[in-house]
S.K.: 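Take this structure, written in structure tokens, and hold onto it; I'll ask about it next.
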Amino acid sequence: MNSRITAICLTTTLAVAHGYATSYHTVESAQHACFPEGGEFTSVDVKLTRDQRKAIEKASGVKVKDESQRVWRVINKGEAAGWFIVDEVIGKHELITYALALDAHGSVKSIEVMDYRENYGSEIRQADWRRQFVGKKSSDKLKLEDDIKNITGATLSCRHVSEGVKRLLSLYELVLKN
Amino acid sequence: MNSSSRINPSQHAHSVVRRCQPLLGTYVEITTGGADERAMRLAIDAAFASIQSIQNRLSTHDPVSEISLLNREASDRTVTVSAETFEILRHADRLAMESNGAFDYTVAPTLARWGLLPANLQRENPGGWRDVLLLHHRQVRFLRPLTLDLGGIAKGFAVDKAVASLQANHVTAGLVNAGGDLRAFGNQSFAIHMRHPSRPHAIAHPIDLREAALATSSPCFTQKTWHNERVSHLVNPRHGTAITGSVSVTVRARECWLADALTKAVLIAPQRAEHLLMRYNADAFVLTA
């Protein structure tokens, strides 16, 4: 009778992947996913002053790494419908671009991951790895394993996105709510 | 081994929609295949909402969840819970019984003492899974002070609910993946790559998954040293000690809550694993790094 347990020793793996990357949305498709009821998206130029950055860090407890933020005001049928913000967070091994949608009251409407990239090559320093993404659009082919689509055994905490959302909610309260 | 992972186009126009949201403390990815892209997007919205609903009910960290309410009050009085919560409690209770306690959702006080769960889940001389009464009309009562943590089964359960939601909205094929606990449905097979948590860049050979679920557990995710003792979230209830080291277990079963729960039973009571897997028509992969 065959055993129902198969032992696999990883010193004999079939493949070594240096990274894993998936692109889920462009800005347009993320806007539609977050506001399926429709709306007009007007880009708002947000450049944070030093004081604003300090105030956001104090209120949210999360460091602000970028002085600029990609923000769109959303209007639907002449009424304020909310805000659409694109943000990027970096963990030890992952780089995630996501969209945060707020309703007209500044509450979280939805969060959609736009791009997800992991890297585990220990010989690649983080700065070098990130440089390959500068200027790249999500449609460009990345030099990573892109036929590995479904993985088990790799629970990644979404802590970085959760902290990013906290930071963005403070940004809304202190800067956008005007 | 076959490693094709694309949904094969049929004679009709075919789209694949793939979206990801942070939920359940991890990233939940939903992939669907079908002819109507717009309908699939709406179905995926509903599936994510169903996962959010489960998170709201079951999170041990959220003071207003149903589990937190049970942990505060069910030792003192009978508490009525929602159908969803009652369903997962019945699953947990059944697995605890059939695994002879190897799967145990009442070890929260020990995990809290080790700093792996909030401190308010500690109890003096806590009861066990046999002290949890699941009564008529979705009522729950603890015969002795104890606390529950459904972390060992909740992700898998949420995956099952998301799949049910997608199917109820007429999605015919797809995959829901909650941080590695995943389930494939429809007339489509998916190549799933297993990774060991301590060597994430090494990929083991893919499993072809069709109409089944996979879940993975390992001490690697949580192990640490507490007062000179190595501990993890995988408690052997008989000895009060934790499973530690670099083993990782992936179970394939019909439903994801079951795969999720069985990984704990296989890790904690390996000698009974063969029997349990056969009983549930499941199988397991044990990875060592």
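Naming convention: chains lettered A, B, ... in sequence-line order (proteins, then strands); numbering from 1 in each chain.
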S.K.: Kindly check if the number of other-residue, nucleotide or ligand heavy atoms within 6.0 Å of CG (B/Asn187) is above 12?
M.R.: no

S.K.: Which answer fits B/Ala178, side chain, backbone, both or neither, if we ask what part of it has an atom under 4.5 Å from a heavy atom of chain A?
M.R.: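 Neither part; nothing is under 4.5 Å.
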
S.K.: Tell me yes or no: between the side chains of B/Glu29 and A/Tyr116, is some donor less than 3.5 Å from an acceptor?
M.R.: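 Result is no, nothing qualifies.
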
S.K.: Let me know if B/Leu182 has heavy atoms under 4.5 Å from chain A in its side chain, its backbone, both or neither.
M.R.: side chain

S.K.: Using non-hydrogen atoms and a 4.5 Å limit, figure out which bit of B/Thr250 sits close to chain A: side chain, backbone, both or neither.
M.R.: side chain

S.K.: May I ask you to check whether over 12 heavy atoms, not counting those of A/Lys109, lie within 6.0 Å of atom NZ?
M.R.: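 Yes, NZ of A/Lys109 has more than 12 neighbouring heavy atoms, counting only those of other groups under 6.0 Å.
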
S.K.: Select one option (side chain, backbone, both, neither) describing which atoms of B/Arg19 are under 4.5 Å from chain A's heavy atoms.
M.R.: both

S.K.: Using non-hydrogen atoms only, which part of B/Leu175 is less than 4.5 Å away from chain A: side chain, backbone, both, or neither?
M.R.: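 Only the side chain of B/Leu175 comes within 4.5 Å of chain A.
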
S.K.: Hey, do the aromatic rings of A/Trp72 and A/Phe41 have their centres closer than 6.0 Å?
M.R.: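 Between A/Phe41 and A/Trp72, which both carry aromatic rings, the centre distance is not below 6.0 Å.
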
S.K.: Hydrogens and angles aside, do B/Ser217 and B/Lys264 bring a side-chain donor and acceptor to less than 3.5 Å of each other?
M.R.: yes

S.K.: Pick whichever of B/Asp283, B/Val17, B/Leu277 has the most heavy-atom pairs under 4.5 Å with chain A.
M.R.: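 Option with the greatest count: B/Leu277.
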
